[in-house]
Amino acid sequence: MEKRGKFSGSLGFILAAAGSAVGLGNIWRFPYLAAKYGGGIFLLIYVILVVTFGYTIMISEISLGRKTGLSPIGAYQALSKKYSFIGWIAVFVAFIILSYYSVIGGWVVKYFYEFVAGHSMSVAHENFFGGFIGDPWSPLFWFVIFMALTYLVVVNGVEKGIEKVSKILMPILVVLSIAIAIYSATLPGAMEGIKYLFIPNFAQFSPMTLLAALGQMFYSMSLAMGIMITYGSYLQKKDDLNKCVKRIELFDTGIAILAALMIIPAIFSFSAGDSAVLNANLNKGPGLMFVTLPKVFDSMPFGGVVGGAFFLLVFFAALTSAISLMESVVSTLVDKWKLRRGPATAIVAGGAFILGIPSSLGNGIWSSFTILGMDFLTFFDFITNAVLMPIGALLTCLFVGYVIGVKTISDEVKISSQFKREAMYKIMIKYVAPICIVAILISSVLEAFGVLKF
Ligand code: PHE
């Protein structure tokens with residue numbers, strides 16, 4: 001048995017957990033959802049969900065990990081044998097996310113390459129993105145590159161290199177994002193975009209806003225996937241759990257808001273007051289980051305360099321998240337099937353690659369195949385975020401609330417810190433969260449099947 005590593009202190013843990021949390025979810029996914037679902041109202045609901053639901057589930061997972069010192073399946077099993085299936089669901093979801101996450105990771109690498117090659121002008125063209133993802137082979141090629149890089153890091157063991165690299169790159173990402181956001185704010189007409197993002201318009205609320213915000217919250221905080229259990233298992237008893245969770249929340253939400261600040265004001269500016277164009281741009285969906293930001297870079301001095309630097313940093317943010325996804329599946333195979341790390345990593349990377357092929361080609365040569373009206377990538381994204389992650393989170397709540405009992409978690413938290421939100425936590429985990437999740441799940445599935453229309 002290898003000795004289980006420990007983080008040297010809570011800073012190492014916070015950075016690793018934040019490295020998993022901060023990724024494409026913040027920079028690519030959050031801005032397009034906020035743009036689509038009404039800006040301010042989406043942001044408001046999102047933040048409320050982070051500090052209530054998100055807090056509850058994150059502190060539960062981290063405590064489960066630290067208490068048992070085991071990764072997900074082992075942790076559930078150690079506390080109650082019958083419930084190891086919750087861990088299996090988490091691993092399964094991580095595997096699906098890894099498959100399409102790497103497709104988008106590949107898009108990011110492609111954009112980085114284009115900027116380095118000095119093609120920033122052509123990338124800024126309206127049709128560049130559509131042409132790229134519609135190409136028969138190009139998206140597949142970049143997808144393979146991203147998956148291979150993730151494979152290389154995971155197969156060599158994650159701890160040393162990547163942690164050091166993220167310690168340097170994450171702060172640079174923050175600084176660069178602030179600079180780009182400030183620049184975006186100076187574009188003509190950008191103020192309307194800032195208002196759209198920060199002033200909630202309650203008329204734009206719909207159950208879909210809530211559902212999208214909930215799915216995004218789980219996704220962005222890397223919850224319901226056992227990742228926080230695994231990281232929690234490396235924490236020391238003296239580390240302050242409450243503080244750790246607060247820092248991760250702040251960091252993760254901060255980067256998401258920054259990303260939205262880079263993109264949304266720019267959409268308003270480029271739409272030049274034409275509301276039809278504006279609406280079309282706000283609804284661009286998954287392509288938004290890849291369409292709007294290159295235009296921002298094109299309009300700024302040294303835009304080619306800034307664009308190259310930006311996509312490099314997004315690539316690292318995506319890589320640290322993809323690593324956490326792959327690592328969680330690999331460590332399960334190593335623990336449960338007694339595979340060696342090398343073959344296990346090859347199986348996971350190969351499997352995720354095969355599963356990712358439809359997502360990669362779904363906007364191009366396979367665009368005529370749709371599931372419930374969605375292309376493959378959108379479908380996998382929907383099924384994981386709107387269905388499977390909520391189910392995972394629901395099971396976690398029920399497990400803590402009714403199987404092992406809230407006291408198990410609060411005792412663990414109180415070993416080293418105050419549990420300031422304990423009263424809320426108890427009510428959340430036993431009643432509010434399960435009921436809300438079930439309600440949201442049912443409405444989302446009905447919506448997808450066209451029974452309900454929001
Ligand atoms: N949280 C990551 C992001 O925001 C994605 C992710 C989801 C990573 C689930 C791990 C687990 O990009």
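Indexing begins at 1, ligand by ligand and atom by atom, following the structure's order. No hydrogens, no waters, no symmetry mates; every other heavy atom, side chains included, goes into these values.
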Protein heavy atom at shortest distance from [atom]:
atom                   : value
atom 2 (C) of ligand 1 : Ser20 O, 3.2 Å
atom 7 (C) of ligand 1 : Tyr219 O, 3.3 Å
atom 8 (C) of ligand 1 : Ser222 OG, 3.4 Å

Element-labelled atoms of ligand 1 that are located less than 4.0 Å from some non-hydrogen atom of [X]:
X      : answer
Ile227 : 10 (C), 11 (C)
Ser220 : 1 (N), 4 (O)
Leu24  : 12 (O)
Ala21  : 1 (N), 2 (C), 3 (C), 4 (O)
Asn26  : 4 (O)

>> Can you tell me if Phe218 contacts ligand 1 (heavy atom of the residue under 4.0 Å from the ligand)?
In response: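 No.
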Can you classify the ring geometry of [X] versus [Y] as parallel (below 30°), tilted (30 to 60°) or perpendicular (above 60°)?
X      : Y      : result
Phe419 : Tyr55  : tilted
Tyr111 : Phe290 : perpendicular
Tyr234 : Tyr231 : tilted

>> Is it true that, when you exclude Lys284 itself, more than 12 heavy atoms of the residues, nucleotides or ligands shown sit nearer than 6.0 Å to its NZ?
In response: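 Enclosed: over 12 neighbouring heavy atoms sit under 6.0 Å from NZ of Lys284.
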> In this structure, are over 12 heavy atoms from other groups packed under 6.0 Å from Phe382 atom CZ?
Replying inline: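 Counting other residues, nucleotides and ligands, CZ of Phe382 exceeds 12 neighbours.
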>> Does any N or O of ligand 1 fall below 3.5 Å from an N or O anywhere on Gly25, backbone included?
In response: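 Yes, there is a polar N/O contact under 3.5 Å.
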>> Regarding ligand 1, does Ser324 bring an N or O atom to under 3.5 Å of one of the ligand's N or O atoms?
In response: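 Ser324 vs ligand 1: no N/O contact under 3.5 Å.
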> Would you say the side chain of Met389 lies within less than 4.5 Å of the side chain of Ile97, judging by non-hydrogen atoms?
Replying inline: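 Ile97 reaches Met389 side chain to side chain.
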> Between Tyr425 and Ser60, does any side-chain donor sit less than 3.5 Å from a side-chain acceptor?
Replying inline: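 Judged by distance alone, the side chains do pair up.
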> Name the one of Phe30, Phe198, Phe205 that satisfies ring-ring contact (aromatic ring centres under 6.0 Å, His included) with Phe42?
Replying inline: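 Considering Phe30, Phe198, Phe205, a ring-ring contact (aromatic ring centres under 6.0 Å, His included) with Phe42 is found only for Phe30.
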